[in-house]
Amino acid sequence: MRILFVASECYPYVKTGGLADVVAALPPALKALGLEVRLLLPGYPAVLERLGVMRALRDLRGMPGLPSETPVQLLSSLGEDDIPVYVLDAPALYARPGNIYLGPDGKDWPDNHLRFGALGRTAALLGLDGDGAGWRPQVLHAHDWQAGLAAAHLRHPVWPFVGRPRPATVFTIHNLAFQGLFPPATVPLLGLPWTDFTPEGLEFHGKLGFLKAGLVYSDRLTTVSPTYAREIQGPEMGFGLDGVLRARAGDLTGILNGVDTRYWDPAADPHLAAAYDAAHLDGKAANKRALQQAFGLTPDPAAPLFAIVSRLTHQKGIDLVMQALPRLLAQGGQLAVLGTGSREMETAILAAAAASPGRVGVNLAYDEGLSHRVQAGADVLMVPSRFEPCGLTQMYALRYGTLPLVSHVGGLADTVTDVTESSLADGSATGFVFAPVQVGALVQAIDRALALYQRPALWRQVQVAAMGRDVGWEASARAYADLYAGLPLPAAV
Ligand code: ADP
Ligand code: GLC
């Protein structure tokens, strides 16, 4: 079966979060099951640079919904893991430095509707008319709002594609909080019919919703954990789309993300100070020493070292950690934070580090290698999110024998088993889970982690259980393959 993934990010070409990891790791996992997956990505400078010389397949200048005055072409290359990658090369839209979503003023690029409108339009074109070299997908699998319009265009093909068979469509929600909302004036600019600008269609409270288009027009919907699939059907975590999602409940499934165990393996990770595995956990001590040094923390092997690797946003609950910090420090704990985010949150964390030298260390950078070293060197990885569609860092932590301390939401609830008397007794405990997402409950979880840390044999038992937990992609890739197999494939494609 031929599947086209459409997304705005894919590691190692371009990454701002977990979406990039998933779009990188799922295609090879599907390929291992015999499926043929290709990717379509926007032609950001980093993508073009990484892929090097590419084959020009189609000149798209002036195609419906695509720029007519500037060059637009479809390029292709064989990418990582021998997965073919299509790139929408449109310098007027993508040839910009810095963050892929935000301009130098820290605000969304003002033409993001055109930038990602072009992505959805090109995906639909590939679905209806092929790549110009004989390949056409049977399934178009779009990820997050940036790819949301693909399904809308497939439902309303424009001349000369009217009447063509279309691929089946799957839309995966990685985060309902980012919806791609734009003023109504963008509807005709993007070649969308006004007749679809209704609450049953593209409209979300008077705006054009890219994510909503994906939810309404795709044949099947998925999100990245079973618990999040339930949560988003309620008003509390539905971001105003819970009604739409309830209406489509029969087509919505939650399939847990996995971890790319080739890159995330403490026994073979080139970023680490020392390799280790569940049978040789002593190697973790060297990583802890290196981490303490890298973050300016007192080099004390006995100090429980808590860490955060995260976007520093409201979603991630980092403000709760700041509130709980005095309690953590009073009990001899250390904190290392690797992250980037809002200026407000960055300032608060810097102030905390300045107030507790040697005990709180911060690196406000985006650093892939360092994120591996933090996972390897810490004792506890904190993810106190207010909502979390899946979350990958807690799974990396499990694999690195770093006990995750997480809130009981979304994929965090689905991947971490709380330390209790009974879970310790039956060997299933893998970390610390707290609810509700409030500072009181977080403090209690920190206290419980500190108490277990004083019992090294039990701590080690939980580490070994965590490292033995299956966080690979295989089971989830099978679930996606089953989903594709059940799609209504147009016979003529
Ligand atoms: P989200 O996608 O919501 O940010 P995930 O946990 O799914 O959350 O994925 C985050 C990804 O980004 C992980 O791979 C994590 O290691 C990485 N990451 C987050 N912040 C940083 C950082 N400052 N430096 C390096 N990697 C980071
Ligand atoms: C989103 C979510 C995160 C998830 C990731 C990959 O960024 O915030 O929870 O792990 O997508 O699916």
Side-chain angles (χ1 to χ4, degrees), residues 5 7-12 14-26 99 101 141-147 171-179 211 222-229 231-232 237 239 254-261 263-264 269 271 294-295 307-318 336-342 345-346 349 361-376 378 381-400 402 404 406-407 409-416 471 473 476 480:
F5 268 40
S8 160
E9 301 185 21
C10 178
Y11 183 80
V14 58
K15 167 170 170 177
T16 73
L19 170 66
D21 291 339
V22 173
V23 174
L26 182 51
N99 186 287
Y101 305 120
H141 188 160
H143 297 264
D144 266 358
W145 74 264
Q146 298 89 351
F171 184 81
T172 295
I173 304 162
H174 293 265
N175 197 333
L176 205 59
F178 300 105
Q179 298 191 359
L211 184 100
T222 75
T223 188
V224 288
S225 70
T227 294
Y228 194 59
E231 288 170 344
I232 56 180
M237 298 205 194
F239 284 94
I255 302 176
L256 202 60
N257 286 333
V259 159
D260 197 325
T261 50
Y263 297 123
W264 292 94
D269 185 333
H271 301 294
F295 276 76
I308 292 172
V309 179
S310 184
R311 292 186 289 118
L312 306 174
T313 64
H314 184 74
Q315 171 188 346
K316 301 292 181 177
I318 310 299
V337 182
L338 171 63
T340 57
S342 69
M345 209 134 342
E346 290 190 349
I349 295 169
V362 182
N363 192 330
L364 298 177
Y366 193 95
D367 185 331
E368 189 75 25
L370 188 55
S371 75
H372 286 238
R373 290 191 285 280
V374 174
Q375 291 282 5
L381 184 94
M382 291 201 272
V383 195
S385 304
R386 293 190 163 85
F387 64 93
E388 196 60 73
C390 180
L392 297 175
T393 57
Q394 84 282 6
M395 290 199 266
Y396 300 145
L398 288 170
R399 189 144 167 82
Y400 280 62
T402 300
V406 305
S407 51
V409 296
L412 301 173
D414 291 338
T415 52
V416 182
V471 289
W473 265 107
S476 301
Y480 280 106

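In what follows, residues are counted from 1 in the order of the sequence shown. Atoms within each ligand, like the ligands themselves, are counted from 1 in listed order.
Atoms of ligand 2 found under 4.0 Å from any heavy atom of V22, numbered from 1 in the order shown, are 6 (C), 12 (O). If you number the atoms of ligand 2 from 1 as listed, the ones under 4.0 Å from a heavy atom of Q315 come out as 8 (O). Residue contact check: T393 has heavy atoms under 4.0 Å from atoms 6 (O), 13 (C), 15 (C), 16 (O) of ligand 1. Each of the atoms 2 (C), 8 (O), 9 (O) of ligand 2 lies under 4.0 Å from some heavy atom of P389. Within ligand 2, the atoms closer than 4.0 Å to a non-hydrogen atom of V224 are 12 (O), numbered from 1 in the order shown.
Residue contact check for ligand 1: H174 places no non-hydrogen atom closer than 4.0 Å to it. For the ligand labelled ligand 1, residue Q394 lies outside the 4.0 Å heavy-atom shell. Under a 4.0 Å heavy-atom criterion, Y396 is in contact with ligand 1. Residue contact annotation: C390 has no non-hydrogen atom under 4.0 Å from ligand 1.
Heavy-atom minimum distance, V383 versus L412: O-CD1, 3.5 Å. Nearest heavy atom pair, residue A20 against residue E9, reads CB-OE1, 3.6 Å. C390 and L256 get closest at one heavy-atom pair: SG-CD1, 4.1 Å.
Nearest to atom 1 (P) of ligand 1 among the protein's heavy atoms is K316 NZ, 3.5 Å. Of the protein's non-hydrogen atoms, the one nearest atom 2 (C) of ligand 2 is H174 O, 3.1 Å. Protein heavy atom in closest approach to atom 14 (O) of ligand 1: D21 OD2, 2.6 Å. The protein non-hydrogen atom at the shortest distance from atom 2 (O) of ligand 1 is G18 N, 2.6 Å.
Here D414 contributes atom CG and Y228 contributes atom OH; the two are 13.0 Å apart, rounded to the nearest 0.5 Å.
Using a 4.5 Å heavy-atom cutoff, the side chains of M382 and I318 are not in contact. For the pair D260/D21, no side-chain contact is recorded, criterion being any heavy-atom separation below 4.5 Å from C-beta on.
When heavy-atom distances to ligand 2 are checked against a 4.0 Å cut-off, D21 has no atom that comes that close, whether in backbone or side chain. The side chain of K15, and not its backbone, has at least one atom closer than 4.0 Å to an atom of ligand 1 (non-hydrogen atoms only; side chain from C-beta on). The backbone of L19, and not its side chain, has at least one atom closer than 4.0 Å to an atom of ligand 2 (non-hydrogen atoms only; backbone = N, CA, C, O).
Taking only nitrogen or oxygen atoms, main chain and side chain alike, W264 does not reach within less than 3.5 Å of ligand 1. The shortest N or O to N or O distance between T340 and ligand 1 is not under 3.5 Å. Where the criterion is an N or O separation shorter than 3.5 Å, residue side chain and backbone included, L19 fails it with respect to ligand 1. Where the criterion is an N or O separation shorter than 3.5 Å, residue side chain and backbone included, T16 fails it with respect to ligand 1. Of the N or O atoms in A365, one or more lie within a sub-3.5 Å distance of an N or O in ligand 1. Checking only distances, C390 does come within under 3.5 Å of ligand 2, N or O to N or O. In terms of polar-atom proximity, R311 is counted as a contact of ligand 1, with an N or O under 3.5 Å from an N or O of the ligand. On a distance-only criterion, D367 and ligand 1 share at least one N/O pair closer than 3.5 Å. Ligand 1 has a nitrogen or oxygen under 3.5 angstrom from a nitrogen or oxygen of L392.
Judged purely by distance below 3.5 Å, without hydrogens or angles, the side chains of N175 and Q315 pair a donor atom with an acceptor atom. Side-chain contact annotation: N99 with Y366, donor-acceptor N/O pair under 3.5 Å absent. Donor-acceptor pairing under 3.5 Å is lacking for the side chains of S407 and E388. One side chain, S8 or Y101, offers a donor N or O that lies under 3.5 Å from an acceptor on the other. Residues Y400 and D269 bring a donor and an acceptor atom of their side chains to less than 3.5 Å of each other.
Nearest to atom 17 (C) of ligand 1 by heavy atom, out of F387, Y366, Y11, Y263, is Y366. Closest to atom 6 (C) of ligand 2 by heavy atom, among L26, N257, V23, is N257. Taking all heavy atoms of G411, G391, G410 into account, the minimum distance to atom 10 (O) of ligand 2 is reached by G391. Nearest to atom 20 (N) of ligand 1 by heavy atom, out of G341, S310, G391, G411, is S310. Comparing H143, R311, E388 by heavy-atom distance to atom 3 (C) of ligand 2, the nearest is E388.
For R373, the salt bridge (charged side-chain N to carboxylate O under 4.0 Å, His left out) test picks out no residue, with sequence neighbours left out. Among residues two or more places apart in sequence or in another chain, the ring-ring contact (aromatic ring centres under 6.0 Å, His included) test is passed with H143 by F5, H141, H174.
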**OP:** Step by step, work out the side chain to side chain contact (heavy atoms under 4.5 Å, CB included) result for F387 and I232.
**Re:** CA-CA 10 Å; F387 64 93; I232 56 180; over 6 Å; no
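R399 places a side-chain N or O within donor-acceptor distance of the main-chain N or O of W264, the cut-off being under 3.5 Å. Between the side chain of E231 and the main chain of V409, no donor-acceptor pair closer than 3.5 Å is present.
Here the two rings, on W145 and F178, have centers that are 6.0 Å apart or farther.
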